[in-house]
Undergrad: 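My questions will all concern the structure given below.
Order of the sequence lines sets the chain letters (A, B, ...), proteins ahead of strands, with each chain counted from 1. Quick caveat, the model's predicted, so the values are computed rather than measured.
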Amino acid sequence: MPELPEVETTRRGIAPHVERQKVTAVRVYDRRLRWPVPRDLSRRLVGRVVDRVDRRSKYLLFRLGRDTLIVHFGMTGSLRVYGTAPARRTHDHIDLEFGNGVVLRYHDPRRFGAMLWSPAAAGEHPLLAALGPEPFSVGFDAAYLFASTRTRRAAIKIALMDNRLVVGAGNIYANEALFRAGIRPTRAANRVSRERLARLVAAVRQTLAAAIAKGGSTLRDYVDSDGAPGYFQLEYNVYGREGEPCRVCGDPIRAIRQAGRATYYCGRCQT
DNA sequence: AGAGGTACCTGGCAGC
DNA sequence: TGCTGCCAGGTACCTC
């Protein structure tokens, strides 16, 4: 589920409730996530203060002094804020309780997510080390994208979803950004002109910013930290719209598969 | 280095 | 009603 907009929406919802708060309890109901939740997580966290909640790519980073708690939502993970711990429901896996009474509860049906401890002494966590630039950073521009795609013969959509190139665009927003930029997803990355890559940079930013403004997308599971859905799915131009008319030209939206993922595009607007 | 496929896991849905 | 197969927002890891 969660691509950058959903993670950022969650971060914004959580931060005011937990920043500068002391962790008072950690309850791990099921440690079987993508990697096992560390057995000593409670010992590491209890008594520590969360200074800040950051986001890098689709990771939430809880900063406690120079140490970091890393949270990733995988496909179906979510974090919700409660004033007091409600009864546990299916797929509720972890509770973090704070001095102000707030309970952060991690919920994840498919358990592709992760909760990991990254001590300052170990340096930057390997999961974060090779990530490309943030889409809203100055480092992500046409010159960068041009230079980093010249040896790439894979389709531009595959490149756009490669976290080493740029982070944050998953399957939904890669499809939507390519539509906005007028670029066909199957075009070889190294055959997209500098000018069109500049449009793609702008399109990625506009798409992600619009999605954040709508609280992200809710297809099935995703809810924000208050349990509310996102609404950006109502504004999709191509994702999930196979056979429906293009909102610009009226041609039916096409669906294909690339690297095992569904790709949607308009055959007339995207070249 | 780059590209492609597989795996992790649960649930919802279409089709029979 | 129930079974089977396919699909789903991510990404590490493997082989070629």
Side-chain angles (χ1 to χ4, degrees), chain A residues 1-11 29-37 55-60 70-79 89-93 106-116 125-132 135 147-178 185-191 204 207-208 211-212 214-224 229-236 238-243 255-264:
Chain A
M1 146 217 342
E3 302 184 35
L4 186 149
E6 292 74 30
V7 179
E8 178 61 21
T9 299
T10 300
R11 189 195 68 77
Y29 304 111
D30 192 339
R31 65 179 68 256
R32 297 173 304 161
L33 300 186
R34 173 152 202 173
W35 297 280
V37 177
R55 179 191 55 73
R56 172 76 172 105
S57 183
K58 299 167 190 168
Y59 296 90
L60 281 183
I70 299 176
V71 177
H72 194 279
F73 293 151
M75 293 277 263
T76 55
S78 59
L79 266 181
R89 297 196 299 175
T90 311
H91 308 308
D92 287 345
H93 304 313
Y106 182 78
H107 176 92
D108 188 355
R110 291 174 74 178
R111 289 189 278 114
F112 284 177
M115 192 171 296
L116 298 168
H125 196 280
L127 285 172
L128 308 178
L131 293 174
S148 55
T149 51
R150 290 313 89 187
T151 60
R152 291 214 175 215
R153 284 184 286 183
I156 184 67
K157 183 192 173 219
I158 305 302
L160 192 53
M161 291 178 66
D162 184 340
N163 281 337
R164 294 169 302 179
L165 202 66
V166 61
V167 302
N171 199 36
I172 293 174
Y173 299 113
N175 276 298
E176 294 296 321
L178 286 164
T186 50
R187 177 175 286 270
N190 65 354
R191 296 195 55 250
V204 167
T207 302
L208 294 175
I212 291 169
K214 294 287 175 177
S217 300
T218 295
L219 299 182
R220 296 175 187 74
D221 319 81
Y222 174 73
V223 288
D224 71 13
Y231 293 97
F232 189 69
Q233 69 279 5
L234 302 174
E235 298 181 17
Y236 289 168
V238 289
Y239 186 84
R241 297 191 65 238
E242 180 179 9
I256 59 172
R257 291 192 82 77
Q258 290 180 283
R261 314 299 296 262
T263 294
Y264 303 90

Undergrad: Counting side-chain heavy atoms from CB outward, which of B/dC9, B/dG11, C/dG9 is closest to A/Leu219?
TA: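 Side chain of A/Leu219 sits closest to C/dG9.
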
Undergrad: Kindly point out which of B/dT10, C/dA12, C/dG9 is positioned nearest to the side chain of A/Ile172?
TA: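 Of all the options, the side chain of A/Ile172 is nearest to C/dG9.
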
Undergrad: At less than 4.0 Å, is any side-chain N or O atom of A/Tyr59 found next to OP1 or OP2 of C/dG10? Yes or no.
TA: no

Undergrad: Nearest to the A/Leu127 side chain among B/dG2, C/dG10, C/dA12, which nucleotide is it?
TA: C/dA12

Undergrad: Side chain of A/Thr151, heavy atoms from C-beta onward: which of B/dG2, C/dG9, C/dA12 has the nearest atom to it?
TA: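 Out of B/dG2, C/dG9, C/dA12, the nucleotide with an atom closest to A/Thr151's side chain is B/dG2.
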
Undergrad: Any side-chain donor-acceptor pair under 3.5 Å between A/Tyr239 and A/Ser217?
TA: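 Result is no, nothing qualifies.
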
Undergrad: With the stacking rule set at 5.5 Å and 30°, tell me whether A/Phe73 counts as stacking on C/dG9.
TA: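 Check failed, A/Phe73 does not stack on base of C/dG9.
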
Undergrad: When the nearest nucleotide of DNA chain B is assigned to A/Ala259 and to A/Arg164 on a heavy-atom basis, which residue is associated with the more 5' position?
TA: A/Arg164

Undergrad: Taking the minimum atom-to-atom distance to the side chain of A/Arg111, which one of C/dT11, B/dC9, B/dG11 wins?
TA: B/dC9

Undergrad: The side chain of A/Lys58 lies closest to which of these nucleotides: B/dA3, C/dT11, C/dA8?
TA: C/dT11

Undergrad: Just checking, any donor-acceptor pair under 3.5 angstrom between side chains of A/Gln258 and A/Thr263?
TA: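 Their side chains do contain a donor-acceptor pair, which is all the 3.5 Å distance test asks for.
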
Undergrad: So which nucleotide from C/dA8, C/dT11, B/dA3 ends up closest to the side chain of A/Ala262?
TA: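 Of C/dA8, C/dT11, B/dA3, C/dA8 is nearest to the side chain of A/Ala262.
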
Undergrad: Ring centres within less than 5.5 Å and planes less than 30° apart: is that true of A/Phe112 and B/dC9 in this structure?
TA: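 No.
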
Undergrad: Could you pick out which residue, A/Ser148 or A/Gly260, lies toward the 5' side of DNA chain B when each is mapped onto its nearest nucleotide?
TA: A/Ser148

Undergrad: Base, sugar-phosphate alone, or nothing: which one does A/Phe232 contact when heavy atoms must sit under 4.0 Å apart?
TA: nothing

Undergrad: Side chain of A/Arg220, base of C/dG9: donor and acceptor closer than 3.5 Å?
TA: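 Check passes, donor-acceptor contact within cut-off.
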
Undergrad: Is there a side-chain contact between A/His91 and the phosphate of B/dT10, meaning an N or O under 4.0 Å from OP1 or OP2?
TA: no

Undergrad: According to the Watson-Crick and G-U wobble definitions, with both distances under 3.5 Å, which nucleotide is paired to B/dC9?
TA: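 Answer to the pairing question: none, since B/dC9 forms no Watson-Crick or G-U pair.
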
Undergrad: Please evaluate the base of C/dA8 for a donor-acceptor partner in the side chain of A/Arg110 within a cut-off of under 3.5 Å?
TA: yes

Undergrad: Between B/dA3, C/dA8, C/dG10, which nucleotide gets closest to the side-chain atoms of A/Arg152?
TA: B/dA3

Undergrad: When the P atoms of B/dG11 and C/dT11 are considered, how many whole Å apart are they?
TA: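 So the two P atoms sit 22 Å from each other.
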
